[in-house]
Amino acid sequence: MVHELNDMIMNMIPGDSRTYLSSDTVCKASVGTDDNELLYLAEFLHSLKINGVPNHDIKLKEGTPVMLLRNLNQTEGLCNGTRLLITRRGKWYIRADIIYGNNIGENVTIPRIIMSFLPSLKI
């Protein structure tokens with residue numbers, strides 16, 4: 001139901017949307033020689049919609065209100081629950097105005113964050 005409501009609101013906002021995708025590769029350095037990435041097809045993983053886990057893709061337009069789900073930079077006011085209004089969309093960043101909270105009116109840049117997981121090595 002939430003996804004349908006988000007799509008309906010997105011269609012009401014004028015302008016073109018830009019789609020941002022999550023990373024969907026396994027770092028070969030962090031995995032042994034077995035093919036763990038073949039356990040589940042990428043298409044299946046992309047289709048999952050789980051509460052608390054971001055979707056594989058997000059479509060944004062300038063003027064779209066969004067809410068952060070993670071703490072990114074607390075000193076700049078980018079905390080879980082911060083509400084923002086998208087002002088610019090780049091390939092590797094998003095610019096937005098904070099519209100709620102202590103830092104209201106601040107224009108912030110959210111860079112694309114590349115995350116990798118390296119399991120601890122066994123010695």
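- Between L21 and R112, the shortest heavy-atom contact is O-NH2, 2.6 Å.
- Residues forming a side chain to side chain contact (heavy atoms under 4.5 Å, CB included) with N80 (at least two apart in sequence, or on another chain): N71.
- Every residue two or more places apart in sequence or in another chain that forms a side chain to side chain contact (heavy atoms under 4.5 Å, CB included) with I58 is listed here: Y20, L60.
- Contact check for C79 versus N102: no side-chain heavy atoms found under the 4.5 Å cut-off.
- The side chain to side chain contact (heavy atoms under 4.5 Å, CB included) test applied to N73 returns T75, E76, L78, not counting sequence neighbours.
- With sequence neighbours left out, Y93 forms a side chain to side chain donor-acceptor pair (under 3.5 Å) with R88.
- Residues passing the side chain to side chain donor-acceptor pair (under 3.5 Å) test with R18: none are found, sequence neighbours excluded.
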Could you walk me through whether L68 and I110 pass the side chain to side chain contact (heavy atoms under 4.5 Å, CB included) check? CA-CA 10 Å; L68 289 180; I110 302 171; 4.1 Å; yes
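- Formation of a donor-acceptor pair under 3.5 Å by the K61 side chain with backbone atoms of M10 is found in this model.
- When the options I86, L84, T87, V108 are evaluated for a side-chain contact (heavy atoms from CB on, under 4.5 Å) with D97, the one that passes is T87.
- With a 6.0 Å radius and a threshold of 12 heavy atoms from other residues, nucleotides or ligands, N11 has its CG atom above the threshold.
- With sequence neighbours excluded, no residue satisfies side chain to side chain donor-acceptor pair (under 3.5 Å) with S17.
- With contacts defined as side-chain heavy-atom distances shorter than 4.5 Å, the pair T64/I9 does not qualify.
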